[in-house]
Amino acid sequence: MNAGDTAWILASAALVMLMTPGLAFFYGGMVRSKSVLNMLMMNFIALGVVGVLWVLYGYSLAFGNDAFGGLVGNFDNVGLEGTVGAVSGTAPTPEDPAGHQYPVLAFVMFQLMFAIITVALISGAIADRAKFWAWTIFAALWATIVYFPVAHWVFAFSSADGSVVGGWIANQLKALDFAGGTAVHINAGAAALALVIVLGKRTGWPKDTGRPHNVPFVLLGASLLWFGWYGFNAGSALGANQTAAVAFTTTTVATAAAVIGWLLVEQIKYGKPTTLGAASGAVAGLVAITPAAGFVSPLGALAIGVIAGVLCALAVSLKFKFGFDDSLDVVGVHLVGGLVGTLLLGLFSTTSVNSAGADGLFYGGGFAQLGKQAVAAGAVLAYSFVVTLVLGFLIKVTIGFRASKEDEVTGVDEALHAESAYDFGGLGGGGGLSNSVKPSGAHSAASLEESKA
């Protein structure tokens, strides 16, 4: 047993867990004051729902021995059977070589936190208008039918001796995804787009998008996400080692570059950089570097970060052009950012950083790895979008997914939770921000774009 590696995995699991409350603050600050508690709850309930399902069968479906064609795990680990007292390294994999041993339960808890935040990410797209219990049922179904199988595709590696068979993307396609560009961000972003189609636009949108009610919340949430993301990315090395140090470094570099990229877009297009832009740029950089963190050099990370910051800043305004009401720009940041990072990995990955990776186009590897990355991204996007569309419509026609128009206008906090976030007047109309730089909307680039229209 390697005590240092075990400690790092457990600490990383705690860091990733912190990301979900951080996401709640990030999202919560961007909604109206009369729906902030609902937004916080939609994130927080993911901890409860996914945490229970993971123990019952989620871990087994995601990381159990393959049941069929690299698509889903079997039921051998239902109830975490066979994990208590077990150690890794008994069946070595590329990410878990012989001699690198830690308790299997440490890995179980680390991967649980990924499942939780992936579900929570989707919630921002349907802010201000979803029924809480309908969302909760959706979260349980989506985790079961979409996330657990996709995690098996991407994260479940076959053992060297063939005794354990993993998912098709990791082992047959051999696309690279260090910490979840496909399984987490493209997956959640595609689901967000599908749910937006199912629920439709908020009342009054786009004329009335509602101002972010608490920008300091947004920056606090982004900071907690950045902090927790070191567990997300560096923790995916599954040890206190050189790869973890690389991932820690590339995560920092890419995020810093993305902040600058996003703010430059705002300055050029709108004449002013915003606090929301800085926070949003940081998250865009974190998203994009996630699949590449352990496979690219610091300079490669710099390029990925600035490209993601620029493209995501431009992408968040597309909802106004195409008419889909993605409340908090989950599509623009997570789907686009996940695609950017996953595809750019095919250009910037290098075996000089990680021998378990591959050489991308810019390092003499040709277009082969880029093609694999594109197939992986496309498969996850299509599967998540189609299945989410079906799940969303089933909930809509059975118990109803959307809050009533009256509840939406008066505020879903009072209507759905019998609570309000603030016990004083003046904020109930949805804002209180006097800064004219942020006229309406979620992420500032989208807000400023709308102000020009």
Side-chain angles (χ1 to χ4, degrees), residues 16 19 94-95 111 114-115 117-118 121 147 150-157 167-171 173-190 225 229-238 243-244 246-255 257-258 283-298 300-309 311-312 333-351 353-354 356-363 365 368-381 384:
V16 181
M19 291 172 66
E95 287 199 350
Q111 287 294 338
F114 280 66
I117 196 167
T118 306
L121 286 172
Y147 182 79
V150 171
H152 183 76
W153 300 359
V154 176
F155 293 143
F157 285 87
W168 72 275
I169 287 179
N171 302 285
L173 180 63
K174 297 189 182 300
L176 301 177
D177 189 348
F178 191 73
T182 53
V184 176
H185 298 293
I186 293 175
N187 202 4
L225 284 169
W229 225 289
Y230 290 118
F232 202 85
N233 286 356
S236 293
L238 298 180
T243 303
V246 168
F248 197 109
T249 302
T250 55
T251 298
T252 305
V253 170
T255 308
V283 174
L286 290 164
V287 170
I289 196 60
T290 292
F295 298 120
V296 300
S297 70
L302 191 71
I304 290 172
V306 73
I307 293 170
L311 293 182
C312 289
V333 174
H334 293 277
L335 179 57
V336 173
L339 287 169
V340 168
T342 299
L343 295 176
L344 289 182
L345 184 50
L347 305 181
F348 292 104
S349 63
T350 170
T351 53
V353 169
N354 188 338
D359 286 321
L361 179 64
F362 294 163
Y363 290 86
Q369 193 60 43
L370 180 60
K372 294 176 182 179
Q373 300 302 119
V375 171
V380 172
L381 192 162
S384 180

Exercise. Rounded to the nearest 0.5 Å, what separation is found between the CD atom of Q373 and the CG atom of L347?
Worked result: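 Taking CD in Q373 and CG in L347, the distance rounds to 9.5 Å.
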Exercise. Should I169 and V380 be marked as a side-chain contact (heavy atoms from CB on, under 4.5 Å) after you check the CA-CA gap, both sets of side-chain angles, and the distance that decides it?
Worked result: CA-CA 10 Å; I169 287 179; V380 172; 4.0 Å; yes
Problem set entry | Non-hydrogen atoms of F157 and A170 that approach each other most closely |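 Between these two residues, the closest heavy atoms are CE2-CB, 3.9 Å.
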For this session: Could you check F114 against S236 for side-chain contact (heavy atoms from CB on, under 4.5 Å), going step by step and ending with a plain yes or no?
Result: CA-CA 11 Å; F114 280 66; S236 293; 3.7 Å; yes
Problem set entry | Heavy-atom closest pair, residues A234 and F248 |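 Nearest pair, atom of A234 first, then F248: CB-N, 4.0 Å.
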Problem set entry | Least distance between heavy atoms, N171 atom then A156 atom |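 Closest heavy-atom pair between N171 and A156: ND2-O, 2.9 Å.
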For this session: Determine whether F232 and V184 make a side-chain contact, defined as any pair of heavy atoms from C-beta on separated by less than 4.5 Å.
Result: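 In contact.
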Problem set entry | Sequence-distant partners of T351, side chain to side chain contact (heavy atoms under 4.5 Å, CB included), two or more places apart |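 Result, side chain to side chain contact (heavy atoms under 4.5 Å, CB included) vs T351: D359.
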Just distance, no hydrogens or angles: give the donor-acceptor pairs under 3.5 Å from side chains in residues 284-294, sequence neighbours left out.
residue, atom, partner, partner atom, Å
T290, OG1, W229, NE1, 2.8
T290, OG1, L286, O, 2.7

Problem set entry | Nearest non-hydrogen partners of A179 and N233, listed with the distance |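 Closest heavy-atom pair between A179 and N233: CB-OD1, 3.4 Å.
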Problem set entry | From OG (S297) to CZ (F362), nearest 0.5 Å |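 One finds 12.0 Å between OG of S297 and CZ of F362.
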Exercise. Does the side chain of V296 come within less than 4.5 Å of V353's, by heavy atoms?
Worked result: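 The answer is no; the side chains never approach within 4.5 Å.
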Residues 334-345 side chain polar contacts: donor-acceptor under 3.5 Å, at least two apart:
residue, atom, partner, partner atom, Å
H334, ND1, H185, ND1, 3.2
T342, OG1, G338, O, 2.8

Exercise. Mind checking whether F178 and F295 have parallel, tilted or perpendicular rings, split at 30° and 60°?
Worked result: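 Judged by the thresholds at 30° and 60°, the geometry between F178 and F295 is perpendicular.
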For this session: Might you point out which heavy atoms bring A244 and A237 nearest each other, and give the distance in Å?
Result: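 Residues A244 and A237, closest heavy atoms: N-CB, 3.5 Å.
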Exercise. Looking at side-chain heavy atoms only, is the closest gap between T243 and N354 below 4.5 Å?
Worked result: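 Yes, at least one pair of side-chain atoms sits under 4.5 Å.
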For this session: Starting at CD1 of I117, measure out to CE of M19 and round the result to the nearest 0.5 Å.
Result: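 Between atom CD1 of I117 and atom CE of M19 there are 4.0 Å.
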Exercise. In Å, rounded to the nearest 0.5 Å, how long is the span from OG1 of T255 to CG of L302?
Worked result: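 Going from OG1 on T255 over to CG on L302, the span is 11.0 Å.
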Exercise. Could you state the interatomic distance from CZ (F155) to CG (D177), rounded to the nearest 0.5 Å?
Worked result: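 Atom-to-atom, F155:CZ and D177:CG are 5.5 Å apart.
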Exercise. Are side-chain heavy atoms of S384 and Y147 found at a separation under 4.5 Å?
Worked result: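 Of all side-chain heavy-atom pairs linking Y147 with S384, none is under 4.5 Å.
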Exercise. Would you say the side-chain atoms of T251 pair up with the backbone N or O of Y230, donor to acceptor, closer than 3.5 Å?
Worked result: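 Judged by distance alone, no pair lies under 3.5 Å.
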For this session: Might you point out which heavy atoms bring A175 and K372 nearest each other, and give the distance in Å?
Result: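 Nearest pair, atom of A175 first, then K372: CB-O, 3.7 Å.
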